[in-house]
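Along the sequence shown, the residues carry numbers beginning at 1. In listed order, ligands and their atoms are each counted from 1.
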Amino acid sequence: MAKQEDVFKAVVAHAKEYGFVFQSSEIYDGLSAVYDYGQNGVELKNNIKRYWWEAMTMLHDNIVGIDSAIFMHPTIWKASGHVDAFNDPLIDNRDSKKRYRADVLIEDAIAKFDEKADKEVAKARKRFGESFDETLFRQTNPRVLEQMRKKEELHTRFAEAMNANDLEELKQIILDYEIVDPISGTRNWTDVRQFNLMFKTEMGSTADGAMEVYLRPETAQGIFVNYLNVQKTGRMRIPFGIAQIGKAFRNEIVARQFIFRMREFEQMEMQFFVRPGEELKWFDYWRSERLKWHKALGLGDDKYRYHDHEKLAHYANAATDIEFLMPFGFKEVEGIHSRTDFDLSQHEKFSGKKIRYFDPELNESYVPYVIETSIGVDRMFLSVLCSCYEEQDLGGGDSRVVLHFPAPIAPVKCAVLPLVKKDGLPEKAREIQHKLRFDMACVVDEKDSIGKRYRRQDAIGTPFCITVDHQTLEDGTVTLRYRDSMEQVRLAVDEIDRIMVEKVNLNTLLKKLV
Ligand code: GAP
């Protein structure tokens, strides 16, 4: 089996070759951690966004959407805590002159204990074969238990240092655990410093007194500052939610793993406003609701897990991540946070305006509590791309690369392929395409051999190909080819629309959620 690292490299190369993701400003040697989406990428991305948007706003009577501006009054970021606390702890290696996130270095060291334990398990599995009981082995083997004890010890020390914002202790952990710079291999570290992740720019000319503004690091604050506008104009009653999709910007220091950690990215966030005291009930609701949304895509239930936070942000009283199994391990794709009344109370304080909700059932006013669901579009995109990518050996020296996208989010749903470029077959193919394109993204592809065209469509994840041949002109039948099974069936043209429409329609996914 190919190493996961190699699989990931192949996915990144494939994303470029087939018009999904390009390095930004490539002809100028690129801009680090900034990416552009190509002709297929933008379709996949838009379909993911539509799946989220419709699941939120169409399937919930009490959730509406907004689209707030990227620029906001700078005091918003003071109120939200981002100016003072949206920091990463950084450390430099004096020999390599490279800068790292201290927390990431320590998290990598924590993960090494798991890797060592996994190696013990793999060795034992080889030794015991069929009769191997992994759970029992993990619970009883002294070497595995020792690794787990060391992991727990480091984890506790790390969590305490992070919670206390103790930068000296973070450095001491790096020294005590003999963490070396992956490039220089030395332990010649500087002290740990805090670095703010927000991008700054200026609004207005300096003659007027330019105002320093930030590019938003999350879309959530645009929802908080509009919550009362929406509540009043939409006559919303608690509990209710506001959803938003939009760009966010963070000056990430450790930018790696392709589109996993970017400096400009997109978020899909929903803030759900509830009565104080009811937040944990709603937190549990959204925690399971969001996992349901992910699983409905059918990428494999075993690829998801929850990671409940031990270190809570100062404003949160519960938080969990939904992690997805990427080629580089389980990684956060979405966060669900119980943010208490922190943000709204802060905006009340900093703006001097009352932003309370009058609850007609309780006959009292209060600052609502908030449950947030926050998912990165690009990370979701990456999880779909990685899990759908397959290099298939077809036997006899033949192979193909196929993207098994769930049909409703595939960039192209159907390709109509005239067998030859003459005898009226291209015209017939266009006639079929013109009929189908009101129901789905449908293209005509007439260049190269039919085999090459099938491979090209497999490589961009097109679930259906329709081949038009001479028989089509005689009896109105075509060949329908299924991407995953490569099965081909002969059908009347009028029948294919019915067969495909149901499979490619987003409603197929949405119906699994209700
Ligand atoms: N409003 C809450 C918030 O922004 P977060 O955990 O910082 O919480 C939420 O971000 C989600 O946004 C993450 O789960 C991730 O999917 C995505 N995200 C965060 N930083 C990102 C980055 N630099 N590049 C790509 N996606 C990112």
Side-chain angles (χ1 to χ4, degrees), residues 21 24 31-37 45 48-49 52 68 70 72 76-77 79-82 85-88 101 103-104 195-199 214-225 227 241-272 283 286-287 290-291 293-294 304-309 311-316 318-324 326 328 330-340 342-344 346-347 370-386:
V21 182
S24 157
L31 187 62
S32 168
V34 186
Y35 291 89
D36 298 336
Y37 286 83
K45 196 174 179 212
I48 290 172
K49 288 197 274 186
W52 184 88
S68 71
I70 287 171
M72 297 199 278
I76 287 174
W77 304 111
S80 68
H82 284 82
F86 194 52
N87 299 320
D88 274 346
R101 268 176 60 180
D103 55 332
V104 172
F195 174 84
N196 194 284
L197 296 179
M198 283 196 294
F199 283 102
Y214 300 96
L215 297 188
R216 66 181 178 198
E218 61 170 14
T219 62
Q221 297 304 324
I223 295 179
F224 288 125
V225 297
Y227 122 87
I242 304 178
Q244 165 156 242
I245 299 179
K247 288 271 179 148
F249 305 83
R250 296 182 188 178
N251 196 2
E252 298 284 1
I253 295 309
V254 181
R256 58 180 182 186
Q257 281 138 352
F258 192 38
I259 54 171
F260 183 78
R261 197 175 298 286
M262 300 157 89
R263 296 200 166 110
E264 174 178 343
F265 58 101
E266 230 173 333
Q267 289 185 316
M268 307 191 278
E269 298 201 295
M270 194 278 299
Q271 313 293 322
F272 199 71
F283 173 76
W286 281 109
R287 191 175 179 272
R290 291 303 305 146
L291 190 60
W293 180 89
H294 284 275
Y304 300 92
R305 73 177 189 198
Y306 287 121
H307 170 223
D308 294 323
H309 286 213
K311 175 188 190 273
L312 293 173
H314 54 289
Y315 51 75
T320 198
D321 294 336
I322 293 176
E323 295 186 337
F324 187 83
M326 305 273 190
F328 41 91
F330 271 102
K331 295 287 164 192
E332 173 192 342
V333 171
E334 171 154 9
I336 296 126
H337 313 120
S338 172
R339 291 180 77 128
T340 66
F342 173 79
D343 301 86
L344 292 178
Q346 285 291 98
H347 289 309
V370 174
I371 306 303
E372 165 183 78
T373 72
S374 174
I375 168 169
V377 180
D378 313 87
R379 280 195 195 173
M380 186 63 205
F381 182 108
L382 186 60
S383 61
V384 171
L385 192 64
C386 290

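- No N or O atom of Ala220 sits closer than 3.5 Å to an N or O atom of ligand 1.
- For atom 7 (O) of ligand 1, the nearest non-hydrogen atom of the protein is Arg250 NH1, 2.8 Å.
- Applying the 4.0 Å criterion to heavy atoms of Met262 picks out, from ligand 1, the atoms 22 (C), 23 (N), 24 (N), 25 (C).
- For Phe258 and Tyr35, the ring centers are positioned less than 6.0 Å apart.
- Closest to atom 12 (O) of ligand 1 among all protein heavy atoms lies Gln267 NE2, 3.3 Å.
- Of the heavy atoms in Arg263, none comes closer than 4.0 Å to ligand 1.
- Between Ala243 and Trp52, the shortest heavy-atom distance links the atoms CB-CH2, 3.7 Å.
- Which parts of ligand 1 touch Glu218 is read off a 4.0 Å heavy-atom cut-off, strictly below it: atoms 1 (N), 2 (C), 3 (C), 4 (O).
- Residue contacts with ligand 1 for Arg379 involve side-chain atoms from C-beta outward but no N, CA, C or O (heavy atoms, distance under 4.0 Å).
- Separating the OG1 atom in Thr219 from the CE atom in Met270 is a distance of 11.5 Å, to the nearest 0.5 Å.
- Only the side chain of Arg339 comes within 4.0 Å of ligand 1, counting heavy atoms alone; its backbone N, CA, C and O stay farther away.
- Regarding atom 17 (C) of ligand 1, its nearest protein heavy-atom neighbour is Gly376 CA, 3.7 Å.
- Between Met380 atom CE and Ile322 atom CD1 the span is 9.5 Å, to the nearest 0.5 Å.
- Ligand-side atoms of ligand 1 in range of Phe260: 24 (N), 25 (C), 26 (N), range being under 4.0 angstrom from any heavy atom.
- We find the OG-CZ distance between Ser338 and Phe272 to be 12.5 Å, quoted to the nearest 0.5 Å.
- In this structure, Arg379 fails the cation-pi test against Phe324, since its NZ or CZ atom is not both closer than 6.0 Å to the six-membered ring centre and inside 45 degrees of the ring normal.
- Note that the CZ atom of Arg263 and the OG atom of Ser32 stand 4.0 Å from one another [nearest 0.5 Å].
- For Phe330 and Tyr304, the distance between ring centers is not under 6.0 angstrom.
- In terms of N/O distances under 3.5 Å, ligand 1 is not approached by His337.
- Taking every heavy atom of Glu269 and a limit of under 4.0 angstrom, the matching atoms of ligand 1 come to 1 (N), 2 (C), 3 (C), 4 (O).
- Inclusion of Glu372 in the set of residues having an N or O under 3.5 Å from an N or O of ligand 1 is warranted.
- Looking only at heavy atoms of the protein, atom 9 (C) of ligand 1 is closest to Ser374 OG, 3.0 Å.
- Stacking of Arg216 on the aromatic ring of Phe249 is not recorded, the 6.0 Å distance cut-off and the 45° axial limit not both being met.
- Under the 6.0 Å distance and 45° angle rule, Lys45 does not count as a cation-pi partner of Phe381.
- If you look at Thr219 next to ligand 1, there are no close heavy atoms at all, none under 4.0 Å.
- For ligand 1, the polar-atom distance check finds no N/O of Phe265 at less than 3.5 Å from any of the ligand's N/O atoms.
- Atoms of ligand 1 lying under 4.0 Å from any heavy atom of Glu334, numbered from 1 in the order shown and given with element: 14 (O).
- The contact set between ligand 1 and Glu332, taken as ligand atoms under 4.0 Å from a residue heavy atom, comprises 6 (O), 13 (C), 14 (O).
- Set against the non-hydrogen atoms of Val333, the atoms of ligand 1 under 4.0 Å away are 14 (O), 15 (C), 16 (O).
- By the 4.0 Å heavy-atom criterion, Asp378 is excluded from the residues contacting ligand 1.
- Going from atom CE of Met268 over to atom NZ of Lys49 covers 8.5 Å, rounded to the nearest 0.5 Å.
- Both the sub-6.0 Å distance and the 45° axial angle are not jointly satisfied by Arg290 relative to the ring of Trp286.
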